[in-house]
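Just so it is clear, the structure is predicted and the values come from calculations on it, not from any experiment. Every chain is numbered from 1, with letters handed out A, B, ... down the list of sequences.
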Amino acid sequence: MSDHPAARSGRDLLGGLYRRPDDSNRHVTVSGQEIPLVATPADVADLDYARDLGDPGQYPYTRGIHADMYRGKLWTMRQFAGFGTAEQTNERYRFLLARGQTGLSVAFDLPTLMGRDSDDPWSAGEVGKCGVAISSLEDMETLFAGIPLADVSTSMTINSPAAIIWAMYIAAAENQGADRAKLRGTLQNDILKEFIAQKEFIFPPVPSLKLVVDTIEFASREMPLFNPISISGYHIREAGSTAVQELAFTLADGFAYVDAAIAAGLDVDEFAPRLSFFFNSHLDLFEEIAKFRAARRIWARHLRERYGARNPRSWLLRFHTQTAGCSLTAQQPQLNVVRTAYQALAGVLGGTQSLHTNSLDEALALPSEEAVEIALRTQQILAHEIGVASTIDPLAGSYFVEKLTTEMEAGAEAYFARIAEVGGVIPALEEGFFQREIADAAHWYQQALERKQRVVVGVNEYVNPDEKQQIPLLRIDKDVARSQERKLAALRARRDEAAVRAALGQIETAARDGANLMPRFLDAVRAYATLGEIVGALKAVYGEYTEPIII
Amino acid sequence: MERGIRVLVAKAGLDGHDRGAKVVARALRDAGMEVIYTGVRQTPEMIAEAAVQEDVDAVGLSVLSGAHMHVFPEVLRQLTARGGGDILLTGGGTIGDEDMAELQALGVGRLFGPGASTREIVDYIRAETARRRAQSETR
């Protein structure tokens, strides 16, 4: 009997997929999906070009969202970066911009991601470690000092406290003289996948979702060029999901945001054009390409047919891609450059709008400058040297890729039905449905590695017996926490305390009344209320969430 | 009859990356050990308290946020403060060789980096538990 989760639960979702890779004649993808020896015209007999593919820029956008794709505009090369203090990260951004990077992407440290100030006791040991520490508008201003926010597009990976951090960004840009209506960028702000996979939640699901709707509404009214959310499969995949699970859970989250915004009184065409997505690009080249193509087709079909969106821009699934961090190895780390290049190729062949390529030291530390330069150059080689940016969706019509794309869509639809059976995304995450599916898939994958049914070069085969770690690693300055503590103490002494208290009181009142909180957050950050203080005001109203424990 | 091996698998601090902790917890359980998983967001005090209360042989701590140089020594200190100094503290995550060596010098057990097999972890906990039990009997 197969021990893959989908099979064990009695649901062989895709007729023959997810079989255990238990004999040498059977080849499966990294997700456990069976691969045919050869695909034939019979595999695509039901495919209808106009209905299922369409030309690039035409519904259902399987081939891409633009008629001219990369000839019109290359993908944005956007390396996720942040560590230590705002000053240190500001220096890294200038380094990346000087080397031809075309957009910024902010990594925040864990305390910031969890809405805690650098001087909070829970922050001990974490300040500046996996991203930059931002506790107040003052830190945000330092982070972008000398970088004109009117001219650059900025992606911010922040979720639970996303609305507050966004308010700090808007205030910092306006202090530079920028017009908020012209700011470009993306807020990750995808709280559902935090409950499902990454676990950086603060408040319970319902008020968390309400904060997201506030940002969607604010963006659709005041910040027409900003993406208020990036609905993310990346973390779901890193937590161990299969490709189909990544696709299905991400799009299910997307539909949940659409439902919530409609329930709040917004018209679908008012906000859907600003929804964006973020996927992982893992090792299995064709499976990943099929996933990206299927994602576009599913989103377009649901938005047009189920939600009745009329504006074609509402039908477009625009996405960022990051290569798979979890596929990289601490052993022979130079080999990670090769893995990352193939994964980046899948993203480009899949029609991504922007791309982050991981650095070779990913499994060991935050990237060194040398490592991140190689990662960026990998994208430049893809864009300019190997010819893949010249023609759109070159794999369309491939029996194998079209078959995989159709199977991806069917697999995702099967999951949508199961999620609906449980009562929707929030009940499903509260009872641990997603968490169990992902944990089962992660366990299955680990077993496949240990039985050597999957080979990872340098780890379970072709091991270098004399290996010692020799690459230079980025060390985070131990003084970051103390420097942040000093800055915060000075800020708290300097600011107008009465104004801070008043602004925090307004937030509590608005949270109780269910009003849109964005204007209140802007007032509070301008008074230099800290992130932790604002989150504290919300906790007083919303409470905190504890998840079900699932192994 | 010899007592089975009891292990507390724990996540400390704000780090939510729980894939490794869960995969290891399940592998230890499959290997016949009794496993208690704390879930995410525990303080070092909570972890040490649970370890002593549950009378475990080992604590397996998973840290992927870069805070290992803070978290491991702190859990070790809290264990000792509660009379749990004989409990094996092991674990893993994105931890470089130099940091592993430094932590081991402080009294932390073997640490496992990316790519370690669950087999190795099971074997290590078995061997180390047996060694510690034999040691406490001869004392």
- chain A contacts, top residue of B:D99, B:L64, B:V71, B:T38 (heavy-atom pairs, under 4.5 Å): B:D99
- Message: Taking side chain as everything from C-beta outward and backbone as N, CA, C, O, which of these in A:A363 sits under 4.5 Å from a heavy atom of chain B? Side chain, backbone, both or neither.
- Response: both
- Between A:Q446, A:R116, A:E450, which has the largest tally of heavy atom pairs under 4.5 Å with chain B? A:E450
- Item | Leading residue by heavy atom contact count with chain B [cutoff under 4.5 Å; candidates A:N460, A:V459, A:L110] | A:L110
- Scored by heavy-atom pairs under 4.5 Å with chain B, the best of A:A197, A:G240, A:C130, A:S123 is A:G240
- When the 4.5 angstrom heavy-atom criterion is applied to A:E238 and chain B, the contacting part is backbone
- Note on the structure: Whatever's closer than 4.5 Å to a heavy atom in chain A on B:A21 counts as neither
- Item | CA sep, side-chain torsions, deciding dist, call: B:R26, A:D440, side chain to side chain contact (heavy atoms under 4.5 Å, CB included) | CA-CA 10 Å; B:R26 205 187 274 200; A:D440 285 353; 2.7 Å; yes
- Message: Which one wins on heavy-atom pair count under 4.5 Å against chain A: B:S65, B:A25, B:G39?
- Response: B:S65
- Query: To the nearest 0.5 Å, what is the distance between NZ (A:K129) and NE2 (B:H68)?
  - Reply: 7.5 Å
- Task: Of all the heavy-atom pairs spanning A:I551 and B:Y37, show the shortest one and how long it is.
- Result: CD1-CB, 3.6 Å
- Query: Are more than 12 heavy atoms from other residues, nucleotides or ligands located less than 6.0 Å from atom CD of B:E120?
  - Reply: yes
- Query: What's the spacing between A:I549 CD1 and B:D18 CG if we round to 0.5 Å?
  - Reply: 10.0 Å
- Task: Output the distance between atom NZ (A:K452) and atom OG (B:S117), rounded to the nearest 0.5 Å.
- Result: 10.0 Å
- Query: Using non-hydrogen atoms only, which part of A:F201 is less than 4.5 Å away from chain B: side chain, backbone, both, or neither?
  - Reply: both
- Message: Please report the interatomic distance CZ(B:R19) to CD1(A:I438), rounded to the nearest 0.5 Å.
- Response: 10.0 Å
- Item | Pairwise distance CG(B:D15) to NZ(A:K199) - rounded to 0.5 angstrom | 11.5 Å
- Message: I need the B:R41 CZ to A:E544 CD distance, nearest 0.5 Å.
- Response: 10.0 Å
- At a heavy-atom separation under 4.5 Å, does A:P111 approach chain B through its side chain, its backbone, both, or neither? both
- Would a 4.5 Å heavy-atom cut-off, applied to side chains only, mark A:L473 and B:E98 as touching? no
- Query: Are any non-hydrogen side-chain atoms of B:H70 and A:V127 less than 4.5 angstrom apart?
  - Reply: no
